[in-house]
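Values in this document were obtained by computation on a predicted structure and should not be read as measured data. Reminder, nothing fancy here: chain letters follow the sequence lines and each chain counts from 1.
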Amino acid sequence: MPELPEVETIVRRLAPRLRGRTVVRADVRRANVVRGTPQRFERAVTGARIESVSRRGKFLVFRLADGRVWWSHLRMTGQWRVERERGRTRPGPHGRGGRVRESRRMDVAHRPDDPYVRAVFELDDGSTLSFVDVRTLGEMEIVSARQWTRREAAMGLEPLSPEFTPQALAERLAASRRPVKEFLLDQTRIAGLGNIYAVEALWRAGISPRRRARSVGVRRAVRLHRAIVDVLRQAVEKAGTSLGETSQDYVDSEGVPGSFQEFLDVYDREGEPCRRCRTPIRRIVQGQRSTYYCPGCQR
DNA sequence: GGTCCGACCTGGCAGC
DNA sequence: TGCTGCCAGGTCGGAC
């Protein structure tokens, strides 16, 4: 489930491969992964030169040399892969390196007949950029710089930016009557948090996910701010969270899973003892999403 | 304007 | 063994 740390990892992997590259051929195989028609998208992207690769919230942003912006959202199961001409991903200069990285690579290498490859882009250096998505909820679009600026303006604070301060969080919390967990998932308030990191941050801060956002108060908001920043930074360091080994689970652009799942304190631990107070972790449903929390020490 | 909820989508899995 | 139905969850749009 790509959230901020997973998208950030993908950006870091993709950037050195894609910067300066030009798309020489595009093949959109599944219509609903692009906004508009596949033909229109293929025309728009062919000949485009990628100037930079970045992230805004959970969005991947390819800035094009002509000023346009190619954004993509991975939603639940979307993945980007870059591969050399011979169809093999290259080991990168980053991460845990060497044999360990190679042994951790899932058997998900792109094949031309892979049924989950939804769009393929041939680049001018002979490599291939593929968009893979089992559930086809992910999508992409090419827009003008102005359209992207408008879209970006509607997004919430970047939690790893200097603008995300305890005070800014406290002010936004005070203006909402929703449960704090649902508040954290609202991308117009904070851009990048998803279900996993929201419940982990609330556990670290000792705040009940049921508590109304406006009742969090300044002191708890300071704790929550610290918890959000810490959990996201640590997850980025661990290259994100991969919960299983199915075709739907998160892997980066080289097929390598993250390792933050080893550090999860509450997510997916229903019935297991809280690591702080030993109370069994409880699972509830909020806003049609699973919430995990400790009823003993989260108030 | 804020909040809530269904729809989208498909693989995995439990239950029968 | 095979079928059915539920679950996973990020975003959007419509309803209230």
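In this structure, Arg75(A) places its CZ atom 4 Å from C1' of dT11(C), rounding to the nearest Å. Asp268(A) places its CG atom 10 Å from the C1' atom of dA8(C), with the value rounded to the nearest Å. Atom CH2 in Trp71(A) sits about 7 Å away from atom P in dC12(C), given to the nearest Å. We find that NZ of Lys181(A) is positioned 16 Å from P of dT3(B), with the value rounded to whole Å. Spacing between atom CD of Gln286(A) and atom C1' of dG9(C) amounts to 14 Å, rounded to whole angstrom units.
Side-chain atoms of Arg289(A) come within donor-acceptor range of the base of dT11(C), with a qualifying N/O pair under 3.5 Å. For dG2(B), the base has no donor-acceptor partner in the side chain of Arg178(A) [N/O atoms by modelled type, under 3.5 angstrom].
Across all strands shown, dA8(C) forms a Watson-Crick or G-U wobble pair with dT10(B), both key distances being under 3.5 Å.
If you take CZ on Arg178(A) and CG on Asp186(A), they are separated by 5.5 Å, rounding to the nearest 0.5 Å.
At least one cation-pi condition fails for Arg13(A) and Trp80(A): the charged atom is not both under 6.0 angstrom from the six-membered ring centre and inside a 45 degree cone around its axis.
Under a 4.0 Å N-O distance rule, the pair Asp265(A)/Arg269(A) does not qualify as a salt bridge.
Looking at residues 136-160 of chain A, you'll see Thr136(A), Leu137(A) sit with a heavy atom under 4.0 Å from some atom of DNA chain B. Residues of residues 186-203 of chain A having a heavy atom closer than 4.0 Å to DNA chain C, listed by number: Gln187(A), Asn195(A).
Counting side-chain heavy-atom gaps under 4.5 Å among Ile, Leu, Val, Met, Phe, Trp and Tyr, the cluster of Met155(A) also holds Phe59(A), Val61(A), Val69(A), Trp71(A), Val143(A), Trp148(A).
Under the 30°/60° scheme for interplanar angles, the aromatic rings of Phe121(A) and Trp70(A) are found to stand perpendicular.
Looking at the side chain of Arg177(A), the nearest of the listed nucleotides dT3(B), dC12(C), dG10(C) is dT3(B).
By the criterion of side-chain heavy atoms lying less than 4.5 angstrom apart, applied directly or through intervening Ile, Leu, Val, Met, Phe, Trp or Tyr residues, Leu4(A) is not grouped with Val11(A); the two fall into different hydrophobic clusters.
Considering only heavy atoms from C-beta on, Asn32(A) stays 4.5 Å or farther from Arg118(A) through its side chain.
Where Glu182(A) and Asn32(A) meet DNA chain B, the nucleotide closest to each residue was compared, and Glu182(A) sits on the side nearer the 5' end.
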